[in-house]
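Following: one structure in structure tokens, then a few remarks.
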Amino acid sequence: MATEVKVPPMGESVSSGVLATWRVKDGDTVKAGQSLYDLETDKITQEGTAESAGVIRLKVAVGTEVKVGAVLAVIETAGGAPAPVATPTVAPAAAAAAPAKSVATGPKADFPPSPAVRRVAAETGIDPATVEGTGKAGRVTKGDMLSAAPAPVATAPVPTATPTSVAAAPVQAAVAVAGTSERVSRTRMSPLRKKIAERLISAQHTAAILTTFNEVDMSAVMELRKKHQDAFVAKHGIKLGFMSFFVKAVVNALHEVPAINAQVDGDEIVQNHFYDVGVAVSTPRGLMVPVVRNCDALSMAGVEKAIAAYGQKAKEGKIAIDDLQGGVFTISNGGIFGSMLSTPILNPPQSGILGLHAIKDRPMAVNGQVVIRPMMYLALSYDHRIVDGREAVTFLIKVKDAIEEPTRLLLEV
């Protein structure tokens, strides 16, 4: 008998994806629950596993766009037991996706290294077989490889010229392409990058986007963090960052200016009465905005833990579709890359997005004297169809006041 390996349902808004990687070779004997492939959609990269044990026969080549329900492979079983295979062969479609050979034995040998792991291995020279895996069933993740790498190498930039269509090919091949003598090269957009492009164009064409600016003195927050950081870590097991202050400040401002916690739906205005805030994060695959749920009910530690959990999931490529849906407002921190000022674009159908920027010491006039203060520019982009300038400015001032006087967050004023 045979079991078909099909593309599983991946959410209402996802109907297809691109087969990015085969983790097995044609003719391999696989176990139930073993990772078989990576499917890249316009939102996430989803891992597919075997439902039964047996010999797998690949039907689809890497790089092929497949719809939900399509048959990717067939697992041949004999009474539920794996069929014997004398000499496994590799089909041409899977040849480019076959991972590098490893001398590992035991659980690691059953799970070939992912493309991200192979890339780090090529850059650092570290054999994945020598690294202790923290992933599912002991698999080695990209994070495990980065942790095992020497500090100078771990911070080396990742090449950006690797074509999406050959994501599963050896890293050496990608380097060869990058080093070609051709004046130009062409690579196919990944589904995620295409979706980002579509959403940005749609936002500019459908919303009346306007941006207002202000600046905030970060002295009080920085002093508060410095004073209580050790006690915070000791109690909660996580560091107190800036983002939790801004998330709570945004929630406070949304309470005060509910127009920004609304959205346009046709000729109707939908008013939200919940506070799920998206936090934009940059990943190797592009920008993602996982949503921190019920921020009004979370403590500062709860917000920090939620953001850290999403950061880890993004690092490992495990962010799910549900993690990205349902936000009412977005915070984007370009300051971590050194940005001084920007005009963030709305994340439809939301009506507001707050852009944070780099903290720089600047001379400021305080009580008639010039003093040096750590200052940050804030940028609020909003949908002018339902948010007036007065409301936008009021919202931004509420955020500024809460950051400059953090006790306001405790008193909710």
Side-chain angles (χ1 to χ4, degrees), residues 11-13 43 195 198-214 216 243-280 287-300 302-303 306-307 310 320-333 343-356 378-403 408-413:
E12 290 184 11
S13 61
K43 298 183 187 306
K195 189 64 175 181
E198 291 170 3
R199 288 177 64 84
L200 294 180
I201 293 297
S202 175
Q204 291 183 315
H205 284 177
T206 59
I209 302 177
L210 192 63
T211 304
T212 185
F213 303 93
N214 213 315
V216 59
M243 189 58 75
S244 56
F245 285 95
F246 280 102
V247 168
K248 300 300 284 188
V250 161
V251 170
N252 181 64
L254 288 174
H255 276 108
E256 297 290 329
V257 189
I260 297 181
N261 195 11
Q263 60 195 53
V264 176
D265 184 10
D267 59 355
E268 295 181 333
I269 295 177
V270 179
Q271 182 66 54
N272 298 309
H273 303 290
F274 60 98
Y275 302 89
D276 294 353
V277 178
V279 179
L287 185 70
M288 291 185 176
V289 188
V291 179
V292 180
R293 311 288 176 183
N294 302 313
C295 292
D296 55 328
L298 291 177
S299 64
M300 301 283 280
V303 173
I307 294 174
Y310 278 136
I321 292 176
D322 289 344
D323 297 332
L324 308 174
Q325 296 178 334
V328 300
F329 189 89
T330 294
I331 301 176
S332 179
N333 186 8
T343 55
I345 298 178
L346 291 178
N347 182 22
Q350 298 172 14
S351 298
I353 178 172
L354 179 67
L356 311 182
L378 302 178
L380 173 70
S381 291
Y382 58 97
D383 190 344
H384 209 355
R385 293 178 298 172
I386 59 173
V387 179
D388 294 331
R390 176 181 62 84
E391 295 166 322
V393 172
T394 299
F395 178 93
L396 202 52
I397 289 177
K398 288 291 182 180
V399 172
K400 169 185 170 69
D401 289 345
I403 296 299
R408 287 176 175 267
L409 298 177
L410 298 177
L411 300 176
E412 297 181 352
V413 296

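- Using a 4.5 Å cut-off on side-chain heavy atoms (C-beta onward), V303 and F245 make no contact.
- Distance alone, capped at 3.5 Å, is enough to place a donor-acceptor pair between the K248 side chain and the C295 backbone.
- Atoms OH and NE2, from Y275 and H255 in turn, are 3.5 Å apart once rounded to the nearest 0.5 Å.
- With contacts defined as side-chain heavy-atom distances shorter than 4.5 Å, the pair T330/L346 does not qualify.
- Between I403 atom CD1 and F246 atom CZ the span is 4.0 Å, to the nearest 0.5 Å.
- In this structure, CD1 in I353 is found 13.0 Å from CG in D383, a value given to the nearest 0.5 Å.
- To the nearest 0.5 Å, the span separating CG on D401 from CG on L396 amounts to 10.0 Å.
- No option in L378, L356, I397 other than L378 meets the side chain to side chain contact (heavy atoms under 4.5 Å, CB included) test with V216.
- Judged purely by atom type and a 3.5 angstrom limit, N261 uses its side chain to pair as donor or acceptor with the backbone of F274.
- Side-chain contact between T206 and P348 is absent, with no heavy-atom pair separated by less than 4.5 Å.
- Pairing each heavy atom of A253 with each of V399, the nearest pair is CB-CG2, 3.9 Å.
- With contacts defined as side-chain heavy-atom distances shorter than 4.5 Å, the pair V292/V247 does not qualify.
- The shortest side-chain heavy-atom distance between L254 and N272 does not fall under the 4.5 Å cut-off.
- Within the model, atoms CD1 of I345 and CD of Q204 stand 4.5 Å from one another, a figure rounded to the nearest 0.5 Å.
- Nearest heavy-atom pair across S381 and I209 is CB-CG2, 4.2 Å.
- Annotation: the span from S332 atom OG to L354 atom CG amounts to 9.0 Å, rounded to 0.5 Å.
- Partners of F329 according to the ring-ring contact (aromatic ring centres under 6.0 Å, His included) rule, which considers only residues two or more places apart in sequence or in another chain, are F395.
- When side chains are defined from C-beta on, N294 counts as touching D296, because their heavy atoms get closer than 4.5 Å.
- Without hydrogens or angle criteria, Q271 side chain to P258 main chain gives a donor-acceptor distance under 3.5 Å.
- Sorted by first then second residue, the salt bridge (Lys or Arg N to Asp or Glu O under 4.0 Å) pairs that include residues 263-278, not counting sequence neighbours, are D276-R293.
- Closest non-hydrogen pair, Q350 versus G327, comes out as NE2-O, 3.2 Å.
- Smallest separation of non-hydrogen atoms from A208 and R385: CB-CG, 4.0 Å.
- Residues V387 and Y382 share a closest heavy-atom pair of O-CE1, 3.5 Å.
- Between Q263 and S351, the shortest heavy-atom distance links the atoms CA-OG, 3.5 Å.
- The shortest distance between side-chain heavy atoms of Q325 and D322 falls below 4.5 Å.
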